[in-house]
Amino acid sequence: MTKLLYSTLTAIALSVGISSAAPGDKHPNVIVIMADDLGYGDLSCYGAHSFETPHIDQLAAEGIRFTSGYCSASTCTPTRYSFLTGNYAFRFPNTGIAPPNGPAIIKDEVTTLPDLLKKGGYQTAVIGKWHLGLGGPGGPDWNGELRPGPAEIGFDYHYLLPTTNDRVPQVYVENSRVLNLDPADPLWVGNKKPSEDHPTGITHRDTLKMDWTHGHNSTIHNGISRIGFYTGGHAARFRDEDLADEWVKQSKKWIADHKDNPFFLFFASHDIHVPRIPHERFMGATDLGYRGDCIIQLDWCVGEIMKTLDEQGIAEDTLIVFCSDNGPVMDDGYADHALEKLGDHRAGGPFTGGKYSIYEGGTRTPFITRWKGKIAPGQVSDEVVCTIDLAHSLANYIGVDLPEGVALDSHDVMGALIGEKDAKGREHLVQQGNRADNLSLRVGDWKLLHHSKGTARNVVVEQLLASPKVPKYQLIDLANDPKEEKNVIDQHPEKAEELKKMLTEIVESGRSR
Ligand code: NG6
Ligand code: CA
């Protein structure tokens, strides 16, 4: 059935009163709060002791804190791709970190998580960071309609930062248009310097309020130079300091307006991605510099969302899933002194590796579920769950069948997500770096790491980004070696072969369920 026909039928169904039920046991509201670059050890409920994250700690205390909760990749775009489609990103071209002028990555015809929820009568919104491209093959038409985009893949409403905030442009996109764009001052975005005298992070370095360390030295906005160039669109530009406040404000409004029918809100925070520029009221909230302060800002956002649910009387009708899009990194291109001010804080918790890495720290991240009145509070779960599983899990739960060929790597782990007795998580999980060249496979407590070129990245988060040489294949026994320090491939050649075969099968068969 085409999307158009389906939405027409839905509209008819709604108009004749077969509308979806109110939110409740079988159709909870769902809010996915995805943090950006937040590591396993970056919250006090996950062992951080250099600062407190009271709101997220409360969320965990009222629900389930997962110790083997994952995102599917150790960078943003592939994790988000997999989260929304239920498919491993490494299967598809152009799903690595998206550039400023990148076209929409998820094709209109793909049935996505929000599509599935809409079939179940949900209203859907994404507020926050997008980073999945906008527009057709030529890229975004910044001064016109930014289609295809979120509206074409199942979101009824969007209020977004187009890529990441270290990439241009600093504007909001609301419902397929740049918000507050003055046609007399068109927005131009490109990857070449638009004129000889265009100020950049190189020519005007002494004017910057935060210096760059690598990359990030093109167009300057708000005293910060970025990846890519842009001109115009001045009335539409925002201040980095205001992003979190704006998204909380828009989320509160959207929740209040949609609380009478089941809703799905994807709250895609920019915290704690670079440039880490918290609101002034959070500057200095920790001794760790802006990286720490942005964690406090993120915690505040979570608190505001929880408060909104209480105020609207819908906390018991709402499943909150808190997660991250990849592990931690210290210097990701700006001199915000994250490393110098780290002290004994360990952003990756007990794990090795962070962002860009297929060691555990790259993808094993905070993962919390809360559904008041449904999930028994105060649980800690060791079941393996992943952001890629939400599509299948939620669709099944609300009674929407997955069409053939949809969400082929998404496993139904809903029982584990809501803490049902004896419910199991995944039996196996593939983790990827930014692209397909580095993949690992976890099966139970065994893990195979495959660095196809023999180079790893960001292995030691507390050092500057490096690309050390590693064996192409490593076998790890996570039960006895959660830090992944001992490659036991020579001791267990049969196990290694079994996992290699399984990884090849998963890659080649195009599906893993
Ligand atoms: C890298 C950027 C990094 C960050 C990352 C994407 C440089 C030198 N590094 O290319 O700063 O933007 O891409 O991060 O430009 S992510 O969390 O959105 O995947
Ligand atoms: Ca990220």
Side-chain angles (χ1 to χ4, degrees), residues 32-40 42 70-84 89-90 94-102 105 128-134 160-170 191 200-202 210-219 224-229 240 243 266-277 290-291 294-295 298 322-336 338-339 347-348 353-358 361-367 387 431-435 438 457-458 461 464-467:
V32 174
I33 303 172
M34 188 177 276
D36 199 344
D37 297 5
L38 187 76
Y40 188 91
D42 274 330
Y70 290 85
C71 45
S72 22
S74 58
T75 58
C76 167
T77 303
T79 282
R80 287 160 206 260
Y81 180 91
S82 296
F83 162 59
L84 290 178
F90 62 76
N94 307 320
T95 53
I97 300 170
N101 262 336
I105 293 174
K129 158 171 164 172
W130 184 235
H131 212 183
L132 286 164
L134 292 167
L160 296 169
L161 162 69
T163 57
T164 56
N165 209 18
D166 59 342
R167 286 167 171 71
V168 298
Q170 278 51 61
N191 52 17
T200 69
I202 296 173
M210 183 188 276
D211 199 7
W212 51 273
T213 56
H214 49 270
H216 304 101
N217 51 26
S218 303
T219 291
I224 299 159
S225 52
R226 325 261 171 174
I227 298 174
F229 297 93
D240 307 65
L243 272 182
F266 175 23
F267 182 88
S269 172
H270 190 263
D271 293 317
I272 52 174
H273 197 283
V274 299
R276 301 174 184 124
I277 306 285
Y290 288 167
R291 185 175 187 278
C294 283
I295 295 177
L298 168 70
F322 178 88
C323 55
S324 178
D325 72 336
N326 53 252
V329 57
M330 293 299 134
D331 181 347
D332 209 14
Y334 290 98
D336 58 12
L339 196 51
K355 181 171 183 173
Y356 312 112
S357 156
I358 56 168
T363 49
R364 205 197 287 203
T365 34
F367 201 112
T387 47
Q431 300 151 255
Q432 73 170 94
N434 184 37
R435 294 174 203 276
N438 293 338
R457 250 195 115 196
N458 198 21
V461 176
L464 286 180
L465 280 184
S467 302

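One-based numbering, in listed order, for ligands and for the atoms of each.
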- Message: Quick check on side chain to side chain donor-acceptor pair (under 3.5 Å): which of Asn438, Asp332, Asn434 does Tyr356 satisfy it with?
- Response: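 Among Asn438, Asp332, Asn434, the one meeting side chain to side chain donor-acceptor pair (under 3.5 Å) with Tyr356 is Asp332.
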- Residue pair Pro366 / Leu38, side-chain heavy-atom distance below 4.5 Å: yes
- Message: I'd like to check Asp240 versus Pro275 (side-chain heavy atoms, cut-off strictly below 4.5 Å). Are they in contact?
- Response: yes
Enumerate the atoms of ligand 1 whose separation from the nearest heavy atom of [X] is less than 4.0 angstrom.
X: Asp36; result: 17 (O)
X: Ile227; result: 15 (O)
X: Thr164; result: 18 (O)
X: Thr75; result: 19 (O)
X: His131; result: 18 (O)

Taking the Ca ion (ligand 2) as the reference point, name the nearest N/O/S atom of [X].
X: Asp325; value: OD2
X: Asp36; value: OD1
X: Asp37; value: OD1

- Query: Can you tell me if Gln431 uses its side chain to pair, donor with acceptor, with the backbone of Gly433 under 3.5 Å?
  - Reply: no
- Message: If I take every N, O or S atom of Asn326, is at least one of them less than 3.0 Å from the Ca ion (ligand 2)?
- Response: yes
What part of [X], side chain, backbone, both or neither, has a heavy atom within less than 4.0 angstrom of ligand 1?
X: Asp332; value: both
X: Tyr334; value: neither
X: Asn326; value: side chain

- With a cut-off of 6.0 Å (strictly less than), are more than 12 heavy atoms of other residues, nucleotides or ligands near OH of Tyr290? no
- Does Lys355 reach ligand 1 with a nitrogen or oxygen that is under 3.5 Å from one of the ligand's nitrogen or oxygen atoms? yes
- Message: For ligand 1 and His214, I'd like to know whether there is a polar contact (N/O to N/O, distance under 3.5 Å).
- Response: no
- Message: Taking Arg276 first and then Asp37, would you say they form a salt bridge - that is, a charged N and a carboxylate O separated by under 4.0 Å?
- Response: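 Salt bridge flag = no for Asp37 with Arg276.
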- Message: Regarding Arg291 and Asp336, does a basic nitrogen lie under 4.0 Å from an acidic carboxylate oxygen?
- Response: no
- Query: Checking side-chain contact (heavy atoms from CB on, under 4.5 Å) for the pair Leu464/His214: CA distance, chi angles, key distance, verdict?
  - Reply: CA-CA 11 Å; Leu464 286 180; His214 49 270; over 6 Å; no
Which residue and non-hydrogen atom of the protein lie closest to [atom], and at what distance in Å?
atom: atom 16 (S) of ligand 1; result: Cys76 CB, 3.2 Å
atom: atom 10 (O) of ligand 1; result: Arg167 NH2, 3.7 Å
atom: atom 12 (O) of ligand 1; result: Asp166 OD2, 2.5 Å
atom: atom 1 (C) of ligand 1; result: Tyr356 OH, 3.7 Å

- Task: Would you tell me which option among Asp37, Thr79, Ile97 has the nearest heavy-atom contact to atom 6 (C) of ligand 1?
- Result: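 Minimum heavy-atom distance to atom 6 (C) of ligand 1 goes to Ile97.
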- Among His216, Lys129, Arg80, which residue places a heavy atom closest to atom 9 (N) of ligand 1?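 Looking at heavy atoms only, His216 sits closest to atom 9 (N) of ligand 1.
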- Residues Thr387, Ser82; criterion side-chain contact (heavy atoms from CB on, under 4.5 Å); working and verdict: CA-CA 8 Å; Thr387 47; Ser82 296; over 6 Å; no
- Parallel, tilted or perpendicular for Phe83 and Phe266, by the 30°/60° rule? perpendicular
- Looking just at side-chain N and O atoms, do Asp325 and Thr79 make a donor-acceptor pair shorter than 3.5 Å? no
- Between the CG atom in Asp36 and the OG1 atom in Thr75, the distance rounded to the nearest 0.5 Å is 10.5 Å
